[in-house]
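Excluded from the calculations below are hydrogen atoms, water molecules and symmetry mates; all remaining heavy atoms, backbone and side chain alike, are included. Quick note on labels: first sequence line is chain A, next is B, and so on, each numbered from 1. Please read all numbers here as calculations on a predicted model, not as lab measurements.
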Amino acid sequence: MSIDVAKQIPLITLVGPPNSGKTTLFNYLSGKNFKTVNYPGSTVEYYTCKIQEKFNIDANLLDSPGIISLNPNSPDEEVTVNSLYNHPEFGVPDLVIATADASQLSRHLLLTKQLLSAGFKVILVLTMRDLLEKKGLKVNTEKLSKLLRCDVVQVNGRTGAGINDLIISIEKNLEEIENHRKVQPYTISNQLSKENLLNLYSEIENLTRAVIEPIEIPDLEKINKQINILNPVLQESSLQPDLFTLKLDKILLHRKYGLLFFFLIMTTMFTSIFWLADPFMTMVDNFFSYLAQTSSELLGNTWYSHLIGDGLISGTGAVLVFLPQILILFLILGLLEDTGYLARGAMMIDKPLSKIGLNGKSFVPMLSGFACAIPAMLAARTISNKRERLLTIFIIPLMSCSARLPVYVLLVAFLTPSDRPWLGGLLLASIYIFSIVSSIIVASLINKFSKKLIRTEDTSSFILELPAYRIPKLKVVLKNSYLNALHYIKRAGPIILLLSLVIWFLTYMPNHSPQIDATGLNEEEIIQLEKSERLATSYAAELGKFIQPLMTPIGMDWRIGVSLIAAFAAREVFVSSLALIFRVTDDENIQSSLLTAMQTATNQETGEPLFTASTVIGLVVFFVFALQCISTIAVSKKETGGWRIPVLQLIIFTSTAYLLTLVTVNGLKLLGIN
Amino acid sequence: MKTAAELKHGEKARISDINSDNPSYKRLIEIGFTPGQEIELVNTSLFNDPLAFSIRGTLIAIRRNEADCIILS
């Protein structure tokens with residue numbers, strides 16, 4: 001197969017170490033504001049675009065995750081390095097733009113040197129010259145360009161100054177390429193022995209010594225020339241980290257209080273996700289209920305009206321109801337990340353987490369799990385160690401996600417005596433503490449058996465740059481939260497929608513037009529009664545009856561079983577399906593009428609009260625452990641690259657949930673709590 | 001033979017070698033821990049692990065066992 005090279009649009013790939021200003025540069029060239037990150041390796045997904053029209057260059061631009069060297073050290077880096085040599089979709093880059101922080105030149109030139117020796121055509125872009133200028137230094141770009149034998153330009157990420165020099169250089173380089181055949185760069189990762197690396201570094205040190213010069217202020221020029229010794233002194237001063245950062249770290253990374261600040265910041269953040277998202281979630285929920293209601297009013301009491309209203313619209317609602325939380329979670333995480341604090345949090349929490357086989361970098365994904373397991377699993381990609389990453393993904397479903405909250409609220413309301421409402425809050429808090437403690441125990445148990453369960457041995461490591469503190473760029477963080485939310489909708493949306501339809505089918509068929517005694521009932525009551533009848537005679541009910549032998553030992557009957565099955569679409573569906581199956585027809589105040597219904601319900605097998613303190617506490621335990629979320633399973637499959645881990649998660653967590661519920665219900669009964 | 005893991009808070013020293021027994025040694029070199037560089041222990045976490053070093057004008061946190069393969073002169 002011959003490829004007409006001349007007609008192909010050239011490919012330019014952006015490569016650079018974390019925190020080198022690579023993504024800011026991408027934003028400038030693409031005209032879109034993507035992410036600028038502080039947390040190494042956080043641009044996991046590739047971003048690609050055409051170069052902005054105003055620059056008049058017809059080329060594809062590819063942004064890649066930050067890498068330190070061409071010798072990959074994590075799954076992310078491996079993907080980046082491999083696709084740098086030959087991208088599965090875009091092929092070999094015609095030109096590589098390498099970014100380097102001018103104030104971190106000696107460290108950041110490593111990658112550029114490797115790129116050059118691998119045979120890539122490279123333009124080096126120096127960023128953050130302002131940081132270097134603060135120290136009274138500058139880079140002699142002409143000299144550096146000669147020594148490296150590639151173009152070197154300086155671009156200011158904040159103002160965009162110097163971008164035109166880059167455009168000119170790109171044009172020039174692309175013209176040169178047109179007259180030559182594309183060269184396939186060769187893999188150099190296997191040549192990176194210790195000696196090679198050290199030689200490379202000493203070469204780079206000689207380079208930087210030659211190109212970093214004091215800023216020539218006319219008056220001082222003479223003096224500088226007279227005292228040649230000044231250069232080494234300046235070199236030493238350029239090696240000082242940011243002073244403000246050092247001072248702030250004395251407080252925020254304090255040996256004793258650092259962790260306290262950390263927990264304070266995290267608790268504030270975590271609770272604010274709830275109260276900030278809550279009104280928006282109610283809005284989304286109400287909007288879709290309204291939409292479903294309107295559509296059923298328009299289409300009448302027919303099966304397709306139910307499919308559209310209860311299946312399609314409610315299913316879409318189930319996808320979008322988590323959007324506010326995901327947006328706010330990513331917004332707050334993004335702001336914290338951009339300030340440079342998250343890396344420090346990971347450092348402080350690394351030791352305790354390493355005790356249970358996790359990593360400091362597991363913390364953010366675990367915390368995100370309290371909002372929703374789906375973005376949490378995506379966030380786990382920043383963990384370079386494969387075993388730790390898989391273990392983190394493994395235990396994320398145990399974090400009490402927000403979908404469990406409505407269920408807990410209902411069950412807690414049932415347990416709370418009406419004269420002591422404050423007890424409810426206490427109970428809810430203890431459920432969360434219980435879920436945290438259990439996830440720690442489960443994580444350490446799974447870690448013990450990790451050889452068998454996760455099947456990956458990998459040496460644990462924690463090497464993380466602590467970037468200088470800075471004011472976060474709200475605009476960039478906002479844009480990034482938006483992109484993450486979009487990503488969630490695209491990735492999880494179709495699966496959730498499809499499964500909602502499956503659950504709708506199971507709860508609707510085969511008795512789609514049930515016969516009921518409608519005497520003396522108004523139209524609305526008829527519809528509600530039909531709904532209840534339909535559910536009671538549905539496939540889901542049959543499934544529930546099929547698992548009745550499992551429900552009897554835990555003191556429950558098939559009706560709770562059906563609701564537990566329905567909850568696989570989304571956990572909070574448990575509440576609405578309980579309402580349906582117990583024929584709660586009062587739409588205005590579903591919770592209080594459901595509570596009344598629960599109090600009077602009797603077990604159809606034994607005739608005893610169905611909802612007692614013991615069975616309700618048992619249900620709480622079940623919800624803490626059970627993996628009842630098909631979307632989570634789907635994302636886990638994608639993120640772990642196979643069915644092994646999601647299936648194990650489903651089996652282990654759901655059977656643990658069942659066994660512990662069994663023990664709880666019967667234990668409590670033995671203790672006389674009923 | 002003193003290693004970076006034995007540095008006291010605020011203490012400075014120069015790297016003489018990186019012990020290649022540690023599986024992370026290449027990454028340590030790549031990130032800038034090379035012989036001849038001066039490092040300073042600037043922060044320790046509550047459990048004395050990981051440790052944050054100032055090197056080449058930036059701060060890098062590494063675990064104690066990783067610091068242990070950085071040999072000082």
Side-chain angles (χ1 to χ4, degrees), chain A residues 17 19 68-69 71 73 101 103-107 110-111 131 135 192-194 197-198 200-202 204-205 236-242 245-246 249-250 252-260 343-344 346-352 354-355 360 384 458-468, chain B residues 3-5 7-73:
Chain A
N19 308 311
I68 287 163
S69 126
N71 174 31
N73 196 33
D101 176 345
S103 68
Q104 289 285 310
L105 202 58
S106 71
R107 296 194 323 114
L110 180 82
L111 185 60
L131 288 179
K135 292 167 182 165
L192 293 171
S193 70
K194 181 178 170 183
L197 276 172
L198 292 180
L200 192 56
Y201 246 115
S202 57
I204 291 168
E205 274 156 23
E236 285 291 315
S237 80
S238 78
L239 296 178
Q240 271 298 313
D242 182 50
T245 300
L246 286 175
D249 270 343
K250 281 206 164 40
L252 291 178
L253 273 185
H254 188 276
R255 233 187 126 241
K256 282 179 191 147
Y257 307 118
L259 213 56
L260 191 74
R344 286 159 173 89
M347 174 192 164
M348 285 187 280
I349 203 80
D350 178 63
K351 185 74 186 178
S354 72
K355 292 271 179 219
S384 60
D458 206 345
T459 44
S460 179
S461 129
F462 184 86
I463 300 175
L464 190 64
E465 187 179 348
L466 306 177
Chain B
T3 71
L7 279 181
K8 289 190 188 71
H9 202 279
E11 195 183 345
K12 286 180 189 174
R14 212 164 275 279
I15 300 172
S16 77
D17 196 12
I18 303 290
N19 187 341
S20 40
D21 291 343
N22 192 302
S24 303
Y25 82 96
K26 270 190 190 173
R27 185 36 55 104
L28 286 172
I29 296 174
E30 284 167 343
I31 208 161
F33 289 95
T34 55
Q37 284 297 313
E38 192 184 61
I39 58 169
E40 180 187 342
L41 179 63
V42 282
N43 288 104
T44 51
S45 23
L46 184 61
F47 312 95
N48 275 322
D49 189 12
L51 308 166
F53 292 97
S54 153
I55 176 153
R56 293 176 185 263
T58 189
L59 299 172
I60 290 169
I62 58 176
R63 280 194 182 151
R64 180 164 280 278
N65 71 334
E66 282 150 350
D68 215 29
C69 78
I70 300 171
I71 299 157
L72 306 172
S73 50

Bottom line for A/L246: the part with an atom under 4.5 Å from chain B's heavy atoms is side chain
Rounded distance [0.5 Å steps], CG in A/D242 versus CG in B/L59:
9.0 Å
Would you compute the distance between atom CZ of B/F47 and atom CD1 of A/I349 and round it to the nearest 0.5 angstrom?
7.0 Å
Within this structure, what is the CG-CG distance for the pair A/D249 and B/N43, rounded to the nearest 0.5 Å?
5.0 Å
Could you grab the distance from atom CD of B/E30 to atom CG of A/N71, nearest 0.5 Å is fine?
5.0 Å
Using 0.5 Å steps for rounding, measure from the CD1 atom of A/I68 to the CZ atom of B/R27.
4.5 Å
Toward chain A: residues of residues 63-73 of chain B with heavy atoms under 4.5 Å
B/R63, B/E66
List in chain and number order the residues that pass side chain to side chain donor-acceptor pair (under 3.5 Å) with A/Q104, two or more places apart in sequence or in another chain; answer none if no residue qualifies.
A/R107
So, the part of A/T245 with a heavy atom under 4.5 Å from chain B: the answer is side chain
Quick check for you: among B/L51, B/N22, B/I29, which has the greatest number of heavy-atom pairs under 4.5 Å with chain A?
B/I29
Minimum heavy-atom distance B/T58-A/P241, with the two atoms named:
O-CG, 4.1 Å
In terms of heavy-atom proximity below 4.5 Å to chain B, should A/L110 be classed as side chain, backbone, both, or neither?
side chain
A/K194 side chain to B/I18 main-chain N or O, any donor-acceptor pair under 3.5 Å?
yes
Looking at CD1 of B/I62 and CG of A/L464, how far apart are the two atoms once the value is rounded to the nearest 0.5 Å?
11.5 Å
Select, from B/G32, B/A61, B/S45, the one with the greatest count of heavy-atom pairs under 4.5 Å involving chain A.
B/A61
Can you tell which of A/K250, A/R344, A/H254, A/K351 has the highest number of heavy-atom pairs within less than 4.5 Å of chain B?
A/K351
Between B/I31 and A/Y201, which heavy-atom pair has the shortest distance, and what is it?
C-OH, 3.9 Å
Tell me the closest heavy-atom pair linking A/I463 and B/L28, and the distance in Å.
CD1-CD2, 3.8 Å
